[in-house]
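Just so it is clear, the model here is predicted, and its values are computed rather than measured.
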Amino acid sequence: MTETSAKRGSGRADKAAGGNPVSRLFDAISLFVRQILDELRKVVRPTGPELVRYTSVVIVFVLVIMALVSGLDLGWSKLVSWALAGETL
């Protein structure tokens, strides 16, 4: 292999590695936007009843976790005040 043929590449890799930094920036941004639009085309949007069901499941889950955390907080605060201050439970 000669030195000249070793320097030759596919062209695309050489073009991406060199060139104007501003044009490379705009090429990268346009590629990014194209990829975003391609991914958005794949999104399956929920129907109305599915959206209501998913929303209600999330709200119920959040309420259950809030009750659990509130109960643990109340329990720990009572336990700490009993242990440190000697107050009755």
* Structure fact -> CD1 of Ile36 to CG of Leu31, rounded to nearest 0.5 Å, is 10.0 Å
* Sequence neighbours excluded, which residues qualify as side chain to side chain contact (heavy atoms under 4.5 Å, CB included) partners of Leu68? ->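 Per chain and number, Leu68 pairs via side chain to side chain contact (heavy atoms under 4.5 Å, CB included) with Leu72.
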* **Residue list, side chain to side chain contact (heavy atoms under 4.5 Å, CB included) with Val43, at least two apart or on another chain** =>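 Side chain to side chain contact (heavy atoms under 4.5 Å, CB included) list for Val43, sorted by chain: Leu40, Arg45.
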How would you list, by chain and number, every residue that makes a side-chain hydrogen bond (donor to acceptor under 3.5 Å, both in side chains) with [X], sequence neighbours excluded?
| X | result |
| --- | --- |
| Asp73 | none |
| Arg41 | Asp38 |
| Gln35 | none |

Please report, to 0.1 Å, the donor-acceptor pairs under 3.5 Å made by any side chain of residues 48-64, with sequence neighbours excluded.
from	atom 1	to	atom 2	distance (Å)
Glu50	OE1	Thr47	N	3.0
Glu50	OE1	Thr47	OG1	3.4
Thr55	OG1	Leu51	O	2.7
Ser56	OG	Val52	O	3.2
Ser56	OG	Arg53	O	2.8

